[in-house]
Amino acid sequence: MDLPKAYDPSAVEEKWYRVWRERGYFGADEKRPGRTFSMVIPPPNITGSLHMGHALNNTIQDVLCRYHRMLGDVTLWIPGTDHAGIATQNVVERQLAAEGTDRRALGREKFVERVWSWRKESGSTITRQLARLGVSCDWTRERFTMDEGLSRAVREVFVTLFEEGLVYRDRYLINWCPRCRTALSDLEVEHEEIDGKLYHLRYRFAEGAGEIVVATTRPETLLGDTAVAVHPDDERYRDAIGREVILPALGRRIPVIGDSGVSREFGTGAVKVTPAHDPNDFEMGRRHGLPMISVMDEEARMTSEAGPYAGLDRYECRARLVADLEAQGLVARIEPHRLSVGQCYRCRTVVEPFLSVQWFVRAKPLAEPAIAAVREGRTRFVPEHWEKVYFGWMENIRDWCISRQLWWGHQIPAWYCLECDRDHVRGDSAENLIVTEHARPIVSREDPTECPRCGAKRLVRDGDVLDTWFSSALWPFSTMGWPDRTETLARFYPTSVLVTGFDIIFFWVARMMMMGLHFMRDVPFRDVYVHALVRDEQGQKMSKSKGNVIDPLEVLDRFGTDALRFTLAALSAMGRDVKLSVDRVEGYRNFANKIWNAARFLLLNLEGTPLESGGPLPAPEEPLTLADRWVLHRLAICAAEVRGAIDGDRFNEAASALYRFLWSEYCDWYLELAKISLADPERQAATRRVLAGVMERFLRLLHPFMPFITEELWQALPGRSESPSIMIAPYPEPDERWLAENEAAARMESLIDVIRAIRNVRADLNLPHARELALLVYGESVDADGVRAHEAYVKRLAGVADIEYRSDGDRPRGAASERVGTLELVIPLGGILDDPAAEIRRNEKQLEKIVKELRGISQKLANEQFLERAPAEVIDKERAKEAEIAGRKHALERNLDRLRQL
RNA sequence: AGGCACGUAGCUCAGUGGGAGAGCGCUUCCUUGACACGGAAGAGGUCGGCGGUUCAAUCCCGCCCGUGCCUACCA
């Protein structure tokens with residue numbers, strides 16, 4: 001078979017992905033006995049397009065998946081997508097806006113239809129892009145958080161939690177996005193520090209003289225103030241408590257109350273209390289039974305409660321109000337102040353605390369088992385320190401607001417009776433419904449046709465939908481067919497590992513833990529592998545606004561899937577951010593090309609010889625060259641390292657072991673040495689076997705990281721094995737016997753040192769390779785025997801024409817000298833060396849280094865405490881080193897003397 | 001405010017209680033029959049600073065400086 005000179009990914013990737021998929025290799029056979037390995041994909045949003053975070057996340061998952069499949073585990077990886085409530089609704093709303101209309105004009109039903117058709121057209125973009133990464137997930141099991149089965153699971157969970165009292169409805173101060181016009185959970189609010197102002201405002205006493213100055217960052221909320229609070233023990237305000245002040249602008253009388261939650265140090269020690277617009281004040285309002293006045297509506301415009309300011313936007317109101325107060329002399333002063341504002345995580349609009357009736361999940365009872373499960377090690381975080389983050393959040397968890405005032409999502413299965421609950425319900429459809437917190441919702445698995453209390457047929461359904469993350473929380477079991485008791489669940493739940501980014505530990509991981517434990521009575525995953533963010537090469541978060549985004553699709557086009565995957569694996573040191581640069585990908589593209597050409601060399605040299613590259617590797621008893629033995633030893637080490645690294649989730653170590661073996665060992669040394677034995681008829685056959693057998697093992701070891709090139713080359717190898725695809729071939733085990741061949745390895749390495757030393761001389765003295773050198777080897781030892789036995793290696797790789805051995809005696813006068821182990825290598829330079837000064841300089845430089853090194857070691861060995869307390873082997877090692885360096889020093893000095901006499 | 005990471009070669013990053021590493025970049029040489037997406041050789045680092053533990057610290061501990069992130073209702 002003729003391979004092109006360079007690897008061309010585009011000619012290979014699509015072809016093999018189709019073959020794998022068509023042959024069903026991605027599927028898991030539930031009936032097959034044996035160990036299982038299972039994962040569920042973190043479902044990307046249907047609005048999404050592949051970014052580097054996805055690429056990293058899915059590369060790691062696919063490495064694990066392919067590895068376990070090759071280990072023989074029954075391997076299941078379920079893919080799917082998330083309906084992404086707000087994000088998707090926003091996309092379609094933007095489309096409508098472009099058409100000059102909006103969702104209200106369309107109506108709920110038509111709007112939801114419209115979203116479905118959008119999803120049909122565009123929702124699979126992300127899965128097609130994932131496929132380009134080569135992910136081996138079982139597409140026949142692909143799920144969507146809004147599909148029928150998952151919707152059933154969502155409903156079952158909601159109803160059950162309601163029945164258990166873990167879901168409830170209440171009027172509460174929640175986070176509200178005035179642009180999306182929906183409630184948000186605490187997690188969906190992102191805090192950002194900004195430069196704001198602190199306004200000091202005068203509130204005059206209603207009776208008598210005097211005033212209290214309060215400090216606020218949000219003067220417009222003053223319109224909703226129902227008290228002023230001070231610390232009860234604050235001497236300054238002792239007499240104020242119980243009196244009333246006049247609310248500026250509106251003239252309302254409000255009480256001064258004492259509350260120990262007020263800090264005496266901050267500002268003036270007095271605080272305005274606005275229960276309907278501030279979380280602190282809300283709590284204080286509840287404690288003191290204060291009225292709660294909403295002065296802003298759901299679009300953050302001032303309500304009629306705001307008096308003269310009604311109808312103004314919140315910021316406009318602020319400006320007008322402050323101006324008015326200044327005119328009245330009620331502004332004591334305004335100072336700059338850093339404060340953090342909450343923004344909607346989907347649209348960046350500043351979020352407003354908003355008093356409204358919402359649905360909540362009571363989190364504490366669900367969190368406790370989830371905390372215990374991690375404490376007991378039933379679920380393990382990798383790296384471990386994420387446990388702390390998880391505990392920190394879980395232990396201080398607050399109830400989860402799950403209702404969203406959107407149309408795209410799982411509509412809450414709750415109905416209100418317009419008859420027996422008519423005092424609490426206004427409106428007659430989901431769109432115009434206003435229901436107080438006192439209404440009694442009818443929550444049901446089946447859509448009710450009449451009120452279970454009064455039998456009335458006039459029911460109206462709650463218009464809210466559930467937080468997207470509510471359905472994501474069920475993902476590990478809902479995708480496996482729950483609430484039915486399926487074989488899939490029995491076989492694959494809990495999943496083996498969840499691979500995810502730390503940014504969604506709270507959003508997703510924590511909630512899956514809670515729901516999984518509650519409904520499945522078991523953790524959803526054994527391990528959570530938390531990888532970091534992909535950043536740019538300066539460590540900046542990639543973002544469109546910064547313009548530093550590296551588009552994975554472009555990278556795939558330029559360098560191929562395997563190169564990107566290998567790069568991500570190589571850079572993903574556990575728990576560290578991945579700082580990606582295109583140069584790096586290019587480097588690993590070159591690696592792919594190196595493999596390609598090594599295989600090309602191999603195929604050119606097999607010349608149709610019948611050979612089983614997948615057959616057993618030669619055994620140590622067989623007659624083999626030193627190079628053969630060495631490479632087989634190194635292969636075994638590589639296999640052991642790679643397996644250990646993947647088992648320990650150290651993907652970067654696996655990648656570097658593979659890289660080093662193939663490039664620095666197989667190509668740089670073994671291939672070059674094999675060229676010698678291929679020319680020797682007696683050795684040719686064995687060399688071919690080793691050459692091909694090692695390559696075949698290497699391809700299998702590499703396959704989880706670089707699936708495409710490994711399949712393409714593996715298929716090109718002759719007679720490799722029974723398996724029709726490398727994907728389902730067994731993962732190589734380190735061969736114990738070759739692992740133990742340390743002696744051959746040491747001899748080879750000593751030869752490598754000899755060759756390097758000669759090359760070194762050649763390079764330093766600028767002697768072209770064509771210029772053949774003579775070599776004198778001084779010293780009697782196994783090292784000398786090694787050179788004697790492998791002269792061909794040294795001659796070929798170092799360009800030496802002639803080798804002589806001397807036990808000792810005079811060295812030639814003009815020569816270069818190198819000390820390697822116990823040997824002194826002398827290269828006579830008479831007639832070649834134009835300028836002895838160059839060689840003198842070279843030697844002097846080396847000598848300088850050596851002298852320094854020797855001084856350090858001698859000092860150490862002179863230290864009594866070191867000799868007393870250090871372990872014997874360390875001392876022995878230091879002694880050996882001292883002797884070796886002393887030998888080198890001596891040889892160098894002698895050589896320098898000779899050179900200087902020239 | 002609290003917490004968690006991180007500071008190692010020009011750049012981006014691995015790593016380890018006893019010999020400082022990789023990729024890219026740089027310098028010199030090589031169009032040698034797998035590969036110039038290549039080969040050979042090399043330069044370059046007080047492993048952020050200061051203390052401590054230890055026979056021995058880049059690694060463990062403390063403090064400081066710098067950077068990044070997360071959490072938090074302090075107006």
Side-chain angles (χ1 to χ4, degrees), chain A residues 3 5-7 173 191 198-199 214-218 221 229 261-263 265-274 278-284 337 339-340 353 383 385-386 388-389 392-393 396 502-503 505-506 532-533 535-541 559 563 567 570-571 573 575-584 586-605 652-653 656 659-660 664 667-668 671-672 675 756 759-764 766-770 797-799 853 857 860 863-871 873-875 877-878 881:
Chain A
L3 296 181
K5 220 170 152 178
Y7 173 55
L173 196 70
H191 296 273
L198 190 61
Y199 300 82
V214 301
T216 179
T217 54
R218 300 204 55 199
T221 63
V262 178
S263 155
E265 289 75 39
F266 189 89
T268 59
V271 60
K272 57 193 268 322
V273 184
T274 321
D278 181 277
N280 262 328
D281 297 2
F282 178 75
E283 294 301 331
M284 206 184 290
H337 184 69
L339 72 153
S340 83
H385 74 258
W386 290 110
K388 271 187 259 174
V389 176
W393 189 72
N396 299 300
F502 63 80
D503 49 330
I505 289 183
F506 306 145
L533 249 48
R535 298 169 184 279
D536 74 3
E537 51 197 314
Q538 271 87 45
Q540 299 280 312
K541 207 166 171 172
F559 301 113
T567 307
L571 294 183
R576 291 282 213 115
D577 284 343
V578 174
K579 291 181 192 159
L580 187 71
S581 75
V582 173
D583 286 349
R584 211 62 200 244
E586 187 176 359
Y588 290 118
R589 186 275 313 264
N590 296 350
F591 177 52
N593 196 54
K594 188 76 181 176
I595 301 166
W596 184 261
N597 277 289
R600 217 170 131 242
F601 169 82
L602 183 103
L603 293 171
L604 290 171
N605 283 283
N652 59 323
E653 287 181 23
S656 83
Y659 188 95
R660 186 171 3 101
S664 311
C667 290
D668 286 354
L671 282 191
E672 296 306 320
K675 285 173 186 172
R756 284 211 165 114
R759 284 173 171 176
N760 197 324
V761 171
R762 193 187 273 288
D764 282 350
N766 243 325
L767 306 173
H769 190 81
L797 268 59
E853 218 177 324
I857 293 177
K860 206 183 228 182
N863 185 338
E864 279 176 38
Q865 285 185 311
F866 171 73
L867 296 173
E868 245 171 70
R869 307 210 184 174
E873 70 224 47
V874 172
I875 297 173
K877 229 161 113 185
E878 294 292 331
K881 200 157 71 180

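In this text the structure is predicted, and so the values were computed from the model without any measurement. Quick note on labels: first sequence line is chain A, next is B, and so on, each numbered from 1.
- Look at the P atom in both C26(B) and G10(B): the space between them is 15 Å, to the nearest Å.
- Nearest nucleotide to the side chain of K881(A), out of A75(B), G19(B), A22(B): G19(B).
- For C69(B), the paired base is G3(B) (Watson-Crick or G-U wobble, both distances below 3.5 Å).
- Side chain of K5(A), nearest nucleotide from A75(B), C35(B), C4(B): C35(B).
- In the set A34(B), G15(B), A5(B), G15(B) carries the atom at the smallest distance from any side-chain atom of N652(A).
- The two residues K272(A) and R218(A) come nearest to each other via the heavy atoms NZ-O, 4.2 Å.
- Taking the ring centre of Y659(A) as origin, the terminal cationic atom of K594(A) falls outside the region bounded by 6.0 Å and 45° from the ring axis.
- Considering only side-chain atoms of A6(A), the nucleotide from C69(B), C37(B), A41(B) that sits closest is C37(B).
- Comparing A75(B), U12(B), C4(B) against the side chain of V271(A) picks out A75(B) as the nearest.
- Formation of a donor-acceptor pair under 3.5 Å by the N396(A) side chain with backbone atoms of G392(A) is found in this model.
- Using a 4.0 Å heavy-atom cutoff across all strands shown, Y659(A) reaches sugar-phosphate atoms only and no base atom.
- On the C1' atoms, U58(B) is 11 Å away from G48(B), given to the nearest whole Å.
- Checking C73(B), A5(B), C37(B) against every side-chain atom of N280(A), the shortest atom distance belongs to C73(B).
- Residue S656(A) is classed as having no contact, given no heavy-atom separation below 4.0 Å to the nucleic acid.
- Counting any heavy atom pair closer than 4.0 Å across all strands shown, P353(A) reaches no nucleic acid atom.
- Distance CD (E653(A)) to C1' (U16(B)): 11 Å, rounded to an integer number of Å.
- As a whole-Å value, the separation of K877(A) NZ from G17(B) P is 13 Å.
- G23(B) is paired with C11(B) under the criterion used here, namely a Watson-Crick or G-U wobble arrangement in which both key atom distances are under 3.5 Å.
- With rounding to whole Å, H385(A) atom NE2 is found 11 Å from C70(B) atom C1'.
- Using a 4.0 Å heavy-atom criterion, one finds that E873(A) contacts no nucleic acid atom at all.
- Using a 4.0 Å heavy-atom distance criterion, R756(A) is classed as a sugar-phosphate-only contact.
- Closest non-hydrogen pair, R589(A) versus F559(A), comes out as CG-O, 3.6 Å.
- Considering all non-hydrogen atoms of both residues, T274(A) and D281(A) come closest at N-OD2, 2.7 Å.
- To the nearest whole angstrom, the two P atoms, one in C50(B) and one in C65(B), are 15 Å apart.
- The CD-P distance, from E868(A) to A56(B), rounds to 12 Å in whole Å.
- Within the 4.0 angstrom heavy-atom criterion, no nucleotide atom of any strand lies near L198(A).
- In this structure, CG of D583(A) is placed 13 Å from C1' of C37(B), rounded to the nearest angstrom.
- Nucleotide G33(B) has no partner under the Watson-Crick or G-U criteria, as no pair reaches both atom distances under 3.5 Å.
- Using a 4.0 Å heavy-atom distance criterion, D281(A) is classed as making no nucleic acid contact.
- Here G18(B) is the nucleotide among G18(B), C74(B), C35(B) with the atom lying nearest to any side-chain atom of V874(A).
- With both ends at atom C1', the span from A20(B) to C47(B) equals 8 Å, rounded to whole Å.
- The nucleotide whose nearest atom lies closest to any side-chain atom of F506(A) is, among G18(B), A34(B), C70(B), C70(B).
- In plain terms, the two heavy atoms of A229(A) and M284(A) that are nearest each other are CB-SD, 3.6 Å.
- Of the candidates A40(B), A34(B), A75(B), A40(B) carries the atom nearest the D668(A) side chain, counting heavy atoms from C-beta on.
- A sub-4.0 Å separation between OP1 or OP2 of G39(B) and a side-chain N or O of K594(A) is present.
- Contacts of R759(A) with the nucleic acid, taken as non-hydrogen atoms under 4.0 Å apart, involve only primed sugar atoms and P, OP1 or OP2.
- Phosphate proximity of U32(B) to K675(A): absent, as no side-chain N or O sits under 4.0 Å from OP1 or OP2.
- To the nearest angstrom, P of A14(B) lies 17 Å from CZ of R660(A).
- Nucleotide A56(B) holds its P atom 13 Å from the CG atom of L867(A), rounded to whole Å.
- Using the six-membered ring where Trp is involved, Y7(A) and W596(A) have ring planes that are tilted, between 30° and 60° apart.
- Between the side chain of E672(A) and the base of A34(B) there is at least one donor-acceptor pair of N/O atoms closer than 3.5 Å.
- The CD atom of Q865(A) sits 7 Å away from the P atom of A56(B) (whole-angstrom rounding).
- Backbone-only engagement by E878(A) is indicated by non-hydrogen atom pairs under 4.0 Å involving sugar-phosphate atoms exclusively.
- A6(A) and N593(A) make their closest contact through CA-OD1, 3.3 Å (heavy atoms, listed as atom of the first residue, atom of the second, distance).
- Here the nucleotide nearest the side chain of N597(A), chosen from A41(B), A34(B), C24(B), is A34(B).
- Put simply, N760(A) has a side-chain N or O that comes within less than 4.0 Å of OP1 or OP2 on G42(B).
- At distances below 3.5 Å, at least one donor-acceptor pair connects side-chain atoms of R762(A) with backbone N or O atoms of A798(A).
- To the nearest whole angstrom, the two P atoms, one in C11(B) and one in C29(B), are 27 Å apart.
- Applying the Watson-Crick and G-U wobble criteria (two distances, each under 3.5 Å), A40(B) pairs with U28(B).
- Across all strands shown, R600(A) has heavy atoms under 4.0 Å from sugar-phosphate atoms exclusively, and none from any base.
- When the side-chain nitrogen and oxygen atoms of N593(A) are compared with OP1 and OP2 of G38(B), none of them lie within a distance under 4.0 Å.
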